[in-house]
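Read the structure below first, then the notes.
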Number of protein chains: 2
Amino acid sequence: MGVTKVPYTPGEAAGRIGVSIDTIRYYEKIGLMDGVQRDSVGRRVFSDHDLSRLGLLRCLRDSGMPIARLRRFAELLQGGDDTAGQRTALLEEHDREIDEKVAQLRLEQQRVREKIAWYRSVAEH
Amino acid sequence: MGVTKVPYTPGEAAGRIGVSIDTIRYYEKIGLMDGVQRDSVGRRVFSDHDLSRLGLLRCLRDSGMPIARLRRFAELLQGGDDTAGQRTALLEEHDREIDEKVAQLRLEQQRVREKIAWYRSVAEH
DNA sequence: CTGTCGGCTGGAGCGCGCTCCAGGTCAATA
DNA sequence: TATTGACCTGGAGCGCGCTCCAGCCGACAG
């Protein structure tokens, strides 16, 4: 059975999620990561829960959600169980936005491929 | 048979491609749109060729190509027929990058959907 | 003849999302 | 004991891709 290491240092957290410590601090500053514990000398101590929260935020960010929206989502997370519906709604909308972005990229890709094909047809005289 | 209107004012060009005039001027400034003609009092006159060039640049930009790379492409366009191979190669690489971006977005979307499913499963007790 | 409009230039400014820095505290190591 | 290293804070700075601005010009409408 795997041992679950509960607390993580900022460096470990950053390494596991794949962000810089500066980014973590920035996220805390702007209210995306409220409630992270501190040790006796003021250093952050990340729980597994904090890590998965950070990971989800990063995933949303990486898939194009702007910080303002991320803040809204983080607020809902703080807001307890009765915000679950709103959290779901927000994620569903993001899901649709990803679909749209992919569709748009595919259209643009289509055009790029047409241009490639055209260059090829010109090349072969 | 459709009449092809050859010259376009900056405003028309902007409207057709869906960018602002400022963006057009910016693109010219940084070397993406060399060779656009001017009328007797210095106003830009866009040909159909200019328009399609601008449209392609925008398409590349919208699909995530950074300005530096766009500059490289624009250079190749200026470089005449013997750069066709390099242009094709550049577009092919961009095509692959779009594939990668889409794949990445789909992974992130997967995770978002798992989270939605999780919220749902919690909601129904 | 006088607006108003669309365009021109060079250069400043902006919004986003970090990223870096100075100056400090503590713990463990040589 | 001295040094190193990880972390802390507040705040400045940055890279990207535009976007806006002041001040100007020339054409055309009323």
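- If you take CG of B/L70 and C1' of D/dG17, they are 11 Å apart, rounded to a whole angstrom.
- For the OP1/OP2 pair of C/dC18 and a distance below 4.0 Å, the side-chain nitrogens and oxygens of A/S20 include no atom meeting the criterion.
- In this structure, CZ in B/R43 is found 11.0 Å from CZ in B/R38, a value given to the nearest 0.5 Å.
- Between the side chains of A/D99 and B/Q109, at least one donor N or O sits under 3.5 Å from an acceptor N or O.
- A salt bridge does not link A/E108 with B/K101: every distance from a Lys NZ or Arg NE/NH1/NH2 to an Asp or Glu carboxylate oxygen is 4.0 Å or more.
- One interatomic measurement links the two molecules: CE of A/M33 to P of C/dG17, which rounds to 17 Å at whole-angstrom precision.
- Residues from residues 53-62 of chain B lying near DNA chain C, meaning a heavy-atom separation below 4.0 Å, are absent.
- When the C1' atom of D/dC18 is taken as reference, atom CD1 of B/I24 falls 13 Å away, rounded to whole Å.
- Note that the CG atom of B/L60 and the CG atom of B/L32 stand 10.5 Å from one another [nearest 0.5 Å].
- Close to C/dC20, at under 4.0 Å from its OP1 or OP2, lies no side-chain N or O of A/Y26.
- Whole-Å rounding puts the B/L32 CG to D/dC18 C1' distance at 12 Å.
- Summarising the geometry, the separation between CD on A/Q37 and P on D/dC7 is reported as 18 Å, rounded to the nearest angstrom.
- To the nearest 0.5 Å, atoms OG1 (B/T88) and NZ (A/K115) are separated by 10.5 Å.
- Judged by a 6.0 Å distance limit and a 45° cone about the ring axis, B/R16 is not positioned over the six-membered ring of B/Y8.
- Within the 4.5 Å cutoff, the side chain of A/I24 has no heavy atoms near those of the A/M33 side chain.
- Where B/A68 and B/S40 meet DNA chain D, the nucleotide closest to each residue was compared, and B/A68 sits on the side nearer the 5' end.
- A 6.0 Å sphere centred on CG of B/D39 holds more than 12 heavy atoms belonging to other residues, nucleotides or ligands.
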- Task: Any chance you could list the contact pattern along nucleotides 6-13 of chain C? Use B for base contacts, S for sugar-phosphate-only contacts and - for none, protein heavy atoms under 4.0 Å, 5' to 3'.
- Result: -SBBBB--
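- The line from CE of A/M65 to CG of A/L91 is 6.5 Å long, rounded to the nearest 0.5 Å.
- OP1 or OP2 of C/dT19 sits under 4.0 Å from a side-chain N or O of A/T23.
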